[in-house]
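First comes the structure, then the notes that go with it.
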Amino acid sequence: MKKNACFYITFLFSFIWINAQYKRELTDADKINTAYFSASKKNSARLIHQENDLMMPAPINNNQRAAAASGIDAIRDAGLSLKGNGMTIALFEANGLPLAAHTEFLDATLSNTRIVIPSGNVCPTDTHATYVAGILTARGANNKAMGMSPESTVVAYDAYTGGCTVADYSFTGFLNKIKDEIVLHRSLVSNHSYGFQSGYYVSGGSWYWGAYRNIDYGLTTEDYMFGYYSDWDENIDQILYNAPYHAMFFSSGNENGQIGGSLGKAADCSVNGGYDCIQWGTGAKNVITIGAIKKNATYSTLGDIELGDFSSAGPTDDGRIKPDLVAVGTDIYTTNSAGSYVSGLYGTSFSTPVVTGGANLVQEHAKNVLENYLFGSNLKALLINSAGRAGKRNLYEGPSYLYGWGLFDAKRATEIITNTSSSSYILESQLTNGEVKTFYFLPILKRIKATLAWYDPEGTPTYTFPGTAGTADTYIQANPNILLDNPKKMLVNDLDMRMEQGGTIYKPWILNNTKERYNYPAERGDNTTDNVEGILISESESTTGLIKLTISHKGTLKDGAAQKFGLVIDGVQETTIVNVLTGTDFNNPANWSLGVIPTDLDEIYIDPSITQVEITKDTTLDARPLYIYANLKWIVKTGVHLTVIGGIIDEGYIKVEPRAHLEVKKP
């Protein structure tokens, strides 16, 4: 007999595949609230910031050494032929706008540009913006420069208001441009290849350690801004929490390769082996932060996937996983602001649009297959679930602080969407205060991977700087360590996911937020830090037993409001469990969870602790087929007739006593 374990018996429709395993359980009112900035005075007030603030320096480009992108030919040029036609990507840049007239940005008529510049964005054409726009959507007039989403429209914003100098930069003004685009709901994804200075700054021709507003707070070898959850991150998290359909992609920064003149690397990056080097302004919980790996001829082994020497890596101060994903970020060939092309660029600025553009195509495929675009948190869950293992400095299963959840894989993401009719499951739903959601799945593949993601309410920064320079400086100078690597948790709503199979409970991946253990392999445990949870049942661990998955939460959800979430599981099919057997006597209604003996329309589940089931009355089971899992003994008692319609798969043991009968019929 086969030795595989299986803990379920399914009746009638057990092995008739469900047509669509993508489920959206939210009401229409929950889906898109396009007036969320004006509908609530409370929310609007919380977003207000002083217009004349100097609380943050102006953003800088991440491409000091430029960047590179990898192709997604498998879904763009072949097979699915996804191009992003009819879709819009938002592009937010630090110092200017892309060259809209570049031939690569023309539409199919070759007479109109696909770059849209909203009013109020007045900065001139910028090289960096043109690089990024090319990676996103160059049409391929020069095939080597074809962008990830070559037929999409790009709506382009700059960071400045009223002009294009540092004096014209406004924290609040930039945030308002982001809010304006999201309220219009014309883009599902946005690219943010900029960041805020961490590690160093230059003043009067001399290098200094990075410090707030060019003031040294006594941290002469480290910059507290690495891994710091800032007021900017707080605002970005609030925006996304209220805009469930949108996904923001941020570059992780290039501070790992930054050399401050004779000062060398910041101690954060060099002493810690590249860890604790994630630039501030990219650490919001709800964004998807992208690091960069080196381009390679092949990626046949994990060792071929190597983090770029420049690519900033986490953890954040509170131990969250950043970056979330990585993509190729060296040797790029793309558009430039002179109307021609540039090659040999590298940096996280350009690994980011690889993922942004690719994610846009994934959304296009979702609409084609599921008849709906994915919410942002579900897109995040999908991209993380489908990511490939990486890389040279992380040879273990699970996430790492260097590579996040792995190498972005748009092709695999589209396959999971396609397979919702056979071997995957995608759900968009919400958890109410105190609620526990339970799901049951049939294992289809030997390797089963589940990912839960949610847009968490904004956290509270350790310290919020005032709008006027100097008012807080005296205090910070006297207490520099209040901001350095402060482990205060920023997670607000702590959701929990668990999977159970064959009596074994599988917990999510966790990482250790201590400097000595940054490079340790991921372990399984209770994740109280991230708003993403991932569970793996590996091939060596899996059985044929039914899978039970639960989603719950700790404490009280913020304001008692329901928490939206996205769930993606690869390797399963959902099944509905109607009745659970908790005792050994199959014919005793008291042993069934519903208090009744199953009918031929029920799907039942036998508790793994049960090793023997007795059939004491004439019984007909309409099973397609009937499973008798390993270590389970079925006994047909004397004088009893058991009829099984649909066949038997016997991995355990059947005993038919004298004068008992077992009859198997075709359905």
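Keep in mind that what you see is a predicted model, and the values were worked out from it rather than measured. Atom set for the values below is all heavy atoms of this structure, side chains included, hydrogens, waters and symmetry mates excluded.
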**Q.** Electrostatic pair D317-K488, nearest N-O below 4.0 angstrom
**A.** no

(Q) For L240, is there any backbone N or O sitting under 3.5 Å from a side-chain donor or acceptor partner on H246? (A) no

**Q.** I384 CD1 to D409 CG distance, which is reported to the nearest 0.5 Å
**A.** 14.0 Å

Q) Should D485 and K515 count as an ion pair when the cut-off is N to O under 4.0 Å? A) yes

Q.
Once salt bridge (Lys or Arg N to Asp or Glu O under 4.0 Å) is applied, what residue pairs with a partner in residues 349-360 remain, sequence neighbours excluded?
A. none

Q: Without swapping roles, check the side chain of K489 against the backbone of G459 for a donor-acceptor pair under 3.5 Å.
A: no

Q.
If I compare all heavy atoms of N527 with all of E533, which pair ends up nearest, and what's the gap?
A. O-OE2, 3.2 Å

Q | Sub-4.5 Å side-chain heavy-atom contact between F408 and L383 | A | yes

Q. What do the steps show when you test F174 against Y194 for ring pair (Phe, Tyr, Trp, His ring centres under 6.0 Å), and what is the final call?
A. CA-CA 12 Å; F174 197 15; Y194 56 84; 5.1 Å; yes

Q.
Between N531 and N286, is there a side-chain heavy-atom distance shorter than 4.5 Å?
A. yes

Q | Heavy-atom side-chain proximity of L175 to I239 below 4.5 angstrom | A | yes

Q) Any donor-acceptor pair under 3.5 Å linking the side chain of E255 with the backbone of A313? A) no

**Q.** side-chain contact (heavy atoms from CB on, under 4.5 Å) partners for P487, two or more places apart
**A.** none

(Q) Is any side-chain heavy atom of Y228 closer than 4.5 Å to one of D233? (A) no

**Q.** Validation row: V132, E93 side chains within 4.5 angstrom (heavy atoms)
**A.** yes

Q. Hey, what's the ring geometry for F105 with H102, parallel, tilted or perpendicular (30° and 60° as the breaks)?
A. tilted

Q) Could you state the interatomic distance from CG (N336) to OH (Y341), rounded to the nearest 0.5 Å? A) 9.0 Å

Q: Identify which one of H192, K322, Q279 satisfies the side chain to side chain contact (heavy atoms under 4.5 Å, CB included) criterion when paired with T289.
A: K322

Q) Nearest heavy-atom pair of P457 and Q563: which atoms, and what distance? A) CD-OE1, 3.7 Å

**Q.** Sidechain N-carboxylate O distance under 4.0 Å for K285, D456
**A.** yes

Q. Tell me, which pairs form a disulfide (SG to SG under 2.5 Å) where one or both residues lie in residues 222-255, sequence neighbours left out?
A. none

**Q.** Audit row: Y229, D237, side chain to side chain donor-acceptor pair (under 3.5 Å) steps and yes/no
**A.** CA-CA 11 Å; Y229 186 87; D237 275 340; 2.7 Å; yes

(Q) Is the ring pair F196/Y169 parallel, tilted or perpendicular, if the boundaries are 30 and 60 degrees? (A) tilted

Q. Y275 vs Y518 aromatic rings, parallel, tilted or perpendicular, using cut-offs 30° and 60°?
A. tilted

Q) Below 4.5 Å, heavy atoms only, C-beta onward: do I178 and M248 meet side chain to side chain? A) yes

Q. Hey, what do you get for OG1 (T161) to CG (N176), rounding to the nearest 0.5 Å?
A. 9.5 Å

Q | Within-4.5 Å side-chain heavy-atom neighbours: W454 and K564 | A | no

Q. Given S337, which of T125, T127, D126 fulfils the side chain to side chain donor-acceptor pair (under 3.5 Å) condition?
A. T127

